[in-house]
Amino acid sequence: MPRIIGIKGDTVQIRTESGKIIDVNNSQLNFLPEMGDEIEVFRDGNRVVVSKKQYQTQNGIVSAYMVNKKPVSKTAYCLLAFFLGGIGIHKFYSGRIAAGILYLLFCWTGIPAFIAFIEFIIGICKESDSNGMIWV
């Protein structure tokens, strides 16, 4: 993912996906740049247009809280949390590998099963988008 790695006056330095660093004038941006912003770079002939990466949900742009979240199937997540949540399978499914390992390590205590049941209830209550996905 291209990112802003430097801001010097009217010039912004961008590291592209290939690792190449390009300088872009602020006039080619449609937002106020900040260090570390994830961006999208479009080329139109000799002109480069840069826009800030937008995360979409059914209700529009996702808040900063949601950026670290992952969309998963509501049905699959809830079934995994209910039936196999005590060993953390729903955590592995949602990309939270470290949490899944913790659930596995402490599954003998019953605490992960209790937490997974609460996460099951939270998952059931979340509103899914048109594709049946929720953000976890």
Side-chain angles (χ1 to χ4, degrees):
M1 176 67 57
R3 288 188 181 270
I4 294 177
I5 59 168
I7 302 171
K8 297 177 186 172
D10 287 343
T11 305
V12 175
Q13 289 183 324
I14 298 171
R15 183 184 329 119
T16 63
E17 290 177 338
S18 64
K20 182 179 175 186
I21 296 176
I22 58 173
D23 291 330
V24 176
N25 192 308
N26 274 347
S27 65
Q28 295 171 301
L29 305 176
N30 63 358
F31 63 97
L32 184 61
E34 293 182 26
M35 293 288 291
D37 280 347
E38 289 185 1
I39 55 172
E40 295 176 328
V41 179
F42 304 98
R43 296 189 187 273
D44 183 19
N46 293 337
R47 187 171 173 234
V48 176
V49 178
V50 179
S51 64
K52 192 169 186 175
K53 176 73 176 164
Q54 301 291 316
Y55 295 90
Q56 298 292 322
T57 66
Q58 76 182 66
N59 297 329
I61 298 173
V62 177
S63 68
Y65 166 76
M66 298 295 285
V67 171
N68 293 326
K69 302 289 183 173
K70 179 181 175 187
V72 295
S73 167
K74 179 178 181 174
T75 305
Y77 180 82
C78 290
L79 287 173
L80 290 172
F82 187 78
F83 290 108
L84 299 171
I87 58 173
I89 300 301
H90 67 299
K91 291 296 186 183
F92 289 107
Y93 172 70
S94 63
R96 306 278 185 222
I97 306 302
I101 292 170
L102 283 173
Y103 276 55
L104 273 174
L105 290 174
F106 292 99
C107 66
W108 60 274
T109 65
I111 295 169
F114 177 72
I115 295 170
F117 182 71
I118 293 170
E119 291 170 333
F120 161 75
I121 293 170
I122 292 170
I124 289 290
C125 294
K126 284 187 178 183
E127 187 176 333
S128 60
D129 65 10
S130 60
N131 297 322
M133 307 295 268
I134 58 172
W135 291 80
V136 295

Using the rule that two of Ile, Leu, Val, Met, Phe, Trp, Tyr join whenever any of their side-chain heavy atoms come within less than 4.5 Å, decide whether Val12 and Met35 are in one cluster.
yes
CG (Asp10) and NZ (Lys8) are apart, to the nearest 0.5 Å, by 13.5 Å
Of all the heavy-atom pairs spanning Ile14 and Pro2, show the shortest one and how long it is.
CG2-CB, 4.3 Å
Do side-chain atoms of Lys126 reach the backbone of Trp135 as a donor and acceptor pair under 3.5 angstrom?
yes
How close do Gly123 and Cys78 get, heavy atom to heavy atom, and via which atoms?
C-SG, 3.5 Å
With a cut-off of 6.0 Å (strictly less than), are more than 12 heavy atoms of other residues, nucleotides or ligands near CZ of Arg15?
no
Hydrophobic cluster membership, Phe120 vs Ile118, 4.5 Å side-chain cutoff:
no
For Ala81 and Ala116, work out which heavy atoms get closest and say how close.
O-CB, 3.7 Å
Ala98 backbone acceptor or donor facing Lys91 side chain under 3.5 Å
no
Would a distance-only check, ignoring hydrogens and angles, find a side-chain to backbone donor-acceptor pair under 3.5 Å from Asp37 to Ile39?
no
Shared ILVMFWY cluster between Tyr103 and Phe106, side chains joined below 4.5 angstrom?
no
Interatomic distance, CD1@Ile89 vs CZ@Phe82, rounded to 0.5 Å, equals 16.0 Å
Could you check whether atom CZ of Phe92 has more than 12 heavy atoms from other residues, nucleotides or ligands sitting under 6.0 Å from it?
yes
Any side-chain heavy-atom pair from Asn26 and Thr11 closer than 4.5 angstrom?
no
Could you tell me the separation between the CD1 atom of Ile7 and the CG atom of Leu32, rounded to the nearest 0.5 Å?
7.5 Å
Closer than 3.5 angstrom, by distance alone: can the side chain of Tyr93 be matched with the main-chain N or O of Ser73 as a donor-acceptor pair?
yes
Got a second to check how far Ile124's CD1 is from Thr75's OG1, nearest 0.5 Å?
8.0 Å
I'd like to know if Leu80 and Leu104 are part of one continuous hydrophobic network [Ile/Leu/Val/Met/Phe/Trp/Tyr, side-chain heavy atoms within less than 4.5 Å].
yes
Between Gln13 and Ile21, which heavy-atom pair has the shortest distance, and what is it?
CB-CG2, 4.4 Å
Any chance you could measure Arg96, atom CZ, to Leu102, atom CG, to the nearest 0.5 Å?
13.0 Å
Please give me the minimum heavy-atom distance between Gly86 and Cys107, naming the atom from each residue.
O-CB, 3.2 Å
Pairing residues for Lys20 by the side-chain contact (heavy atoms from CB on, under 4.5 Å) criterion, not counting sequence neighbours
Thr16, Ser18, Ile22
ILVMFWY cluster, Leu105 and Leu84 together (side-chain gap under 4.5 Å):
yes
Grab the two heavy atoms, one from Lys74 and one from Ser128, that are nearest each other, plus how far apart they are.
CD-CB, 4.0 Å
